[in-house]
Amino acid sequence: MKFQIPLAPGAVTQFLLRVVTCLAVLSFLSQMSLYYLPEYPLREYIARIFNVDAERNLPTFYSFLALVFSSLLLGVIAHAKNLDSDRYKNHWKILSFIFLYLSLDEAGQLHEKFINPTRSLLNASGFLYFTWIVPFGFFVAIFVLSYSKFLFHLPVATRKLFVAGGALYVGGAIGMEMIGAHLFTTTGMQNVSYLIVATLEESLEMLGIVVFIHGLISYIKTYLGGVSWNIYIPGKNTQVTDHQNIGLPALSGPANTNLLK
C-alpha cells in the first residue's frame with residue numbers, strides 16, 4: 001500500500017503559522033501567570049516548558065525542527081541544481097549548511113559562547129550587552145553582500161519571500177535582542193516589559209522561518225515540479241525494495257515538471 005503526501009505551500013504554511021501562534025500565546029500567558037495569578041499546580045514547570053526565551057523546551061524543539069526542515073529543502077534544491085550544473089548550485093549548498101548550523105545553534109545555544117569574550121573585548125553595555133550580535137551582525141553583512149547576485153537571479157516572488165523571511169528573522173534575532181539587552185541592563189529581566197520584548201523577538205524569528213519555508217516550497221513547486229513524501233506499507237506478500245521515491249533529473253528550466261513527483 002502506498003500513500004503520497006504532497007507538500008503544498010499553503011497547507012504547510014498554515015500549519016506552521018498555527019504552531020507558531022500557539023507557542024507564542026502559550027509562552028506569553030504562562031509567563032504572565034507568574035506575575036498575576038496565584039500559585040497553582042505545575043505553574044513553574046508549565047511556564048518553563050512553553051517559555052520561548054528559555055532552552056530545551058517545546059519552542060526550542062519546534063525551532064530546531066523548522067530550521068532542519070529548511071536545511072533539507074535547501075539540500076533538495078541544491079541537489080537538483082548540481083545535476084543541472086547550475087551557476088548558483090554552491091550558493092544553495094552553502095545555504096543548506098548555514099541552516100543546519102542554525103538548527104544546531106538553536107539546540108545548543110552555541111552563539112552564547114561569544115558573549116563573555118566579546119563583552120570583555122568591547123567593554124560592551126546597553127544595547128550591545130548581549131555581544132554575540134556583534135560578530136553575527138558582521139557575518140550577516142558579509143552574507144548579504146556575497147549573496148546579492150544570487151538573490152537578484154531568483155524569481156521576483158521567491159526573492160520577496162526570502163527577503164521578508166530574512167528581515168523578520170534578523171529583526172527578531174538581532175534587532176529585538178538589542179532592545180532586550182538594553183532592558184536587561186536597566187530594569188532586569190523579571191518584568192513585563194522584558195517579557196514582551198523577548199516574546200516578540202522569538203516570535204519574529206519563528207515567523208521569519210515560516211515565510212522562508214513558504215518561499216522554498218513555492219519555488220520547488222513552481223520551478224522544480226513539486227515535492228511529496230511517499231509512504232509504503234508492505235502487505236503480507238509485498239516485498240518493498242524502493243525506500244526513496246525522489247527523482248532529480250537534470251533541469252532545463254521551469255518546464256521540467258517531472259521532478260520530485
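Given the structure is predicted, the values throughout are model-derived calculations rather than measurements. Atom set for the values below is all heavy atoms of this structure, side chains included, hydrogens, waters and symmetry mates excluded. Heads up: numbering here begins at 1 and tracks the sequence.
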Pairs flagged by side-chain hydrogen bond (donor to acceptor under 3.5 Å, both in side chains) wherever residues 205-220 is involved - sequence neighbours left out: Thr13-His214, Lys81-Tyr219

Can you get from [X] to [Y] by hopping between Ile, Leu, Val, Met, Phe, Trp and Tyr side chains that sit under 4.5 Å apart?
X      : Y      : result
Tyr45  : Leu58  : yes
Phe97  : Leu67  : no
Ile77  : Val68  : no
Leu161 : Leu72  : no
Phe15  : Leu207 : yes

Side-chain donor-acceptor pairs under 3.5 Å in residues 59-66, sequence neighbours left out?
from  : atom 1 : to    : atom 2 : distance (Å)
Thr60 : OG1    : Ala54 : O      : 3.2
Thr60 : OG1    : Asn57 : OD1    : 3.1
Ser63 : OG     : Pro59 : O      : 3.1

Is the number of heavy atoms from other residues, nucleotides or ligands within 6.0 Å of [atom1] ([X]) greater than 12?
X      : atom1 : value
Tyr35  : OH    : yes
Tyr101 : OH    : yes
Arg43  : CZ    : yes

Side-chain contact, heavy-atom cut-off 4.5 Å: [X] with [Y]?
X      : Y      : result
Thr187 : Tyr194 : no
Leu26  : Val52  : no
Leu34  : Gln31  : yes
Ile213 : Ile209 : yes
Ser103 : Leu100 : yes
Tyr223 : Leu154 : no

Do any side-chain atoms of residues 167-183 form donor-acceptor pairs under 3.5 angstrom with protein atoms, and if so which ones, sequence neighbours left out?
from   : atom 1 : to     : atom 2 : distance (Å)
Glu177 : OE2    : Trp132 : NE1    : 2.8

Taking atom [atom1] of [X] and atom [atom2] of [Y], what is their separation to the nearest 0.5 Å?
X      : Y      : atom1 : atom2 : value
Phe69  : Leu216 : CZ    : CG    : 8.5 Å
Thr158 : Leu151 : OG1   : CG    : 10.0 Å
Lys149 : Leu145 : NZ    : CG    : 12.0 Å

Side chain to side chain contact (heavy atoms under 4.5 Å, CB included) partners for Thr131, two or more places apart: Ile115, Thr118, Arg119, Ala124

Any residue meeting side chain to side chain contact (heavy atoms under 4.5 Å, CB included) with Phe28, in chain and number order, not counting sequence neighbours: Met32, Leu195, Ile196, Thr199

Look only at the side chain of [X] and the backbone of [Y], and say whether a donor-acceptor pair between them is shorter than 3.5 Å.
X     : Y     : answer
Ser70 : Phe99 : no
Ser27 : Leu23 : no
Thr21 : Leu17 : yes

Pair Phe184 + Phe130: ring centers closer than 6.0 Å: yes

Shortest non-hydrogen contact between Thr185 and Gly126, atoms and distance: OG1-CA, 3.8 Å

Glu44 with Arg48: basic N within carboxylate O range, under 4.0 Å: no

Criterion side-chain contact (heavy atoms from CB on, under 4.5 Å) on Tyr40 and Ser33, from CA distance to verdict: CA-CA 10 Å; Tyr40 59 86; Ser33 71; 3.1 Å; yes

Inter- and intrachain pairs under ring pair (Phe, Tyr, Trp, His ring centres under 6.0 Å), touching residues 137-167, at least two apart: Tyr88-Phe150, Tyr88-His153, His91-Tyr147, His91-Phe150, Trp92-Phe150, Phe143-Tyr147, Tyr147-Phe150, Phe150-His153, Phe162-Phe212

Criterion side-chain contact (heavy atoms from CB on, under 4.5 Å) on Met206 and Val210, from CA distance to verdict: CA-CA 6 Å; Met206 292 188 290; Val210 172; 5.7 Å; no

CA sep, side-chain torsions, deciding dist, call: Asn82, Lys93, side-chain contact (heavy atoms from CB on, under 4.5 Å): CA-CA 9 Å; Asn82 187 63; Lys93 293 177 184 177; 3.2 Å; yes

